[in-house]
Amino acid sequence: MTKRRSIVVANWKMFMGPSDGEHLAHNIVDICQSFSSVDVVICPPLVSLTKVGSVIEGTRIKLGAQNIFWEPDEGPFTGEVSAQMIAGWCEYVIVGHSERRQHFEETDDIVNKKVKAGLQHGLKVIICVGESLVENNAGDTKDIIEYQVRSAYQGVLPNDALQTVVAYEPIWAIGTGLASTPYAANRVCAKYVRGTLDRIFGYEVSQAIRIQYGGSINRNNISEFIVQVDIDGVLIGGSSLSADEFAAILHVIDR
Ligand code: PGA
């Protein structure tokens with residue numbers, strides 16, 4: 001089996017409006033010129049997509065959105081943006097981030113619809129899954145993750161599944177400074193995420209899909225995570241808002 005290429009996604013969340021985003025994107029472009037063995041995706045807020053998109057145009061850095069609506073094309077859905085609209089700008093979209101599940105009541109069914117909407121319009125979909133602290137303490141991680149993975153891929157064809165990335169992000173590790181341990185994270189990625197993908201799509205497809213870890217990644221802990229066999233990259237929130245910190249992380253991954 002050939003090694004899966006690493007993928008690092010910067011999730012800027014609701015930070016970096018157009019001018020701050022443009023500035024940070026310029027810095028990241030400078031940093032990334034020397035990196036060749038890692039895919040880098042920047043996901044700014046919607047209003048910053050055009051500015052950031054024009055800064056990274058012609059570079060190896062890809063643009064992603066943080067969310068789409070589940071109706072794939074268009075319609076009377078005030079305030080929402082569709083996969084069809086995003087597809088003109090972005091190559092990637094994040095779907096099912098725990099902050100959306102938590103604050104916007106996105107269910108597994110909605111996440112599944114969004115996955116299919118994104119794929120229908122040729123987007124590469126980054127599907128987030130993760131258990132809460134209560135679920136983790138109760139020993140329910142396996143059941144929760146396997147259920148979220150199965151639901152997200154309901155009705156998705158194997159060829160389309162190859163256009164997805166899974167991000168395993170334990171909710172208790174996001175923005176808390178308290179990352180999972182590399183061993184525990186790799187175990188979830190290998191057994192519960194890739195294992196479930198194997199049962200749905202078979203060995204070849206499950207081996208080809210990249211799985212990221214996300215949650216309090218920084219320059220000090222990245223080296224332990226990235227060497228894990230089933231962790232093919234990271235989804236980074238806070239540490240992606242500083243060009244220096246982001247560069248330090250990429251340096252370790254590109255080694
Ligand atoms: P964090 O966020 O790196 O700030 O923990 C990760 C995420 O929410 O994707």
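Indexing begins at 1, ligand by ligand and atom by atom, following the structure's order. Quick caveat: nothing in here was measured; it's all calculated off a predicted structure. In what follows, every heavy atom counts, from backbone to side chain, and hydrogens, waters and symmetry copies are set aside.
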Hydrophobic clusters here meaning ILVMFWY residues chained together by side-chain heavy-atom distances under 4.5 Å, can you tell me if [X] and [Y] are in one?
X	Y	answer
Trp12	Val40	yes
Val165	Val229	no
Val29	Val38	yes
Ile126	Val111	no

(message) Restricting to side chain to side chain contact (heavy atoms under 4.5 Å, CB included), what partner residues turn up for Phe69, sequence neighbours left out?
(response) Glu71, Phe77, Glu80
(request) Check each protein residue for a heavy atom under 4.0 Å from ligand 1 and list those that pass, ordered by chain and number. (result) Asn11, Lys13, His97, Glu169, Ala173, Ile174, Gly175, Gly215, Ser216, Leu235, Ile236, Gly237, Gly238
(message) Once rounded to the nearest 0.5 Å, what's the spacing between atom CZ of Arg194 and atom CZ of Phe201?
(response)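 Arg194 atom CZ to Phe201 atom CZ measures 13.0 Å (nearest 0.5 Å).
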